[in-house]
Amino acid sequence: MSDESADQDLTRAGAEEDKPAAPQSNFERLLTHLGKDSLAAKLVEAFAAADGADRATAIKAVADDRLTELERSHDETEN
């Protein structure tokens, strides 16, 4: 390989590294501020992943799961 082609390869590699990362969506930015497995993070993830009319169903499913989890933990403390 000649010195000229090596320089071109380095120039191309440098240009690729200089490309800015894809900007985060508002949901992705919000998730960086929430606890990984928190209820808030789960609700945001469900909302972002669902389409229009399915969003209410997705959020309700997350809320129902959390209520079931709380009921189980409450039942265990009573026994």
Side-chain angles (χ1 to χ4, degrees):
M1 197 186 289
S2 71
D3 288 336
E4 187 175 311
S5 64
D7 289 341
Q8 289 175 349
D9 290 341
L10 289 175
T11 303
R12 276 189 227 124
E16 290 174 6
E17 290 174 4
D18 292 341
K19 288 182 184 176
Q24 290 183 318
S25 71
N26 286 339
F27 290 122
E28 291 168 335
R29 288 183 22 220
L30 176 59
L31 287 171
T32 64
H33 298 284
L34 302 175
K36 183 178 178 183
D37 292 326
S38 69
L39 176 59
K42 290 176 184 178
L43 289 168
V44 169
E45 289 169 349
F47 184 87
D51 294 331
D54 295 335
R55 286 183 171 159
T57 304
I59 290 173
K60 185 176 182 327
V62 171
D64 288 344
D65 289 346
R66 179 63 176 148
L67 286 172
T68 301
E69 182 183 315
L70 290 172
E71 287 172 349
R72 282 190 202 131
S73 68
H74 181 72
D75 289 345
E76 290 174 3
T77 58
E78 284 186 351
N79 293 331

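- Take E45 and apply the salt bridge (Lys or Arg N to Asp or Glu O under 4.0 Å) test, not counting sequence neighbours, and it matches no residue.
- The stretch residues 54-70 participates, sequence neighbours left out, in these salt bridge (charged side-chain N to carboxylate O under 4.0 Å, His left out) pairs: K60-D64, R66-E69.
- Looking at every heavy atom in both residues, E28 comes nearest to P23 through OE1-O, 4.3 Å.
- Of all non-hydrogen atoms in A50 and A58, the two that sit nearest each other are CB-CB, 3.9 Å.
- In terms of heavy-atom proximity, V62 sits nearest to A46 at CG2-CB, 3.6 Å.
- Residues satisfying the side chain to side chain contact (heavy atoms under 4.5 Å, CB included) test with F27, not counting sequence neighbours, are S25, V44, F47, A48.
- In this structure, the separation between CG on D51 and OG1 on T57 is 11.5 Å, given to the nearest 0.5 Å.
- In this structure, the side chain to side chain contact (heavy atoms under 4.5 Å, CB included) partners of R29, at least two apart in sequence or on a different chain, are Q24, N26.
- Applying the side chain to side chain contact (heavy atoms under 4.5 Å, CB included) criterion to A49, with sequence neighbours excluded, gives no partner residue.
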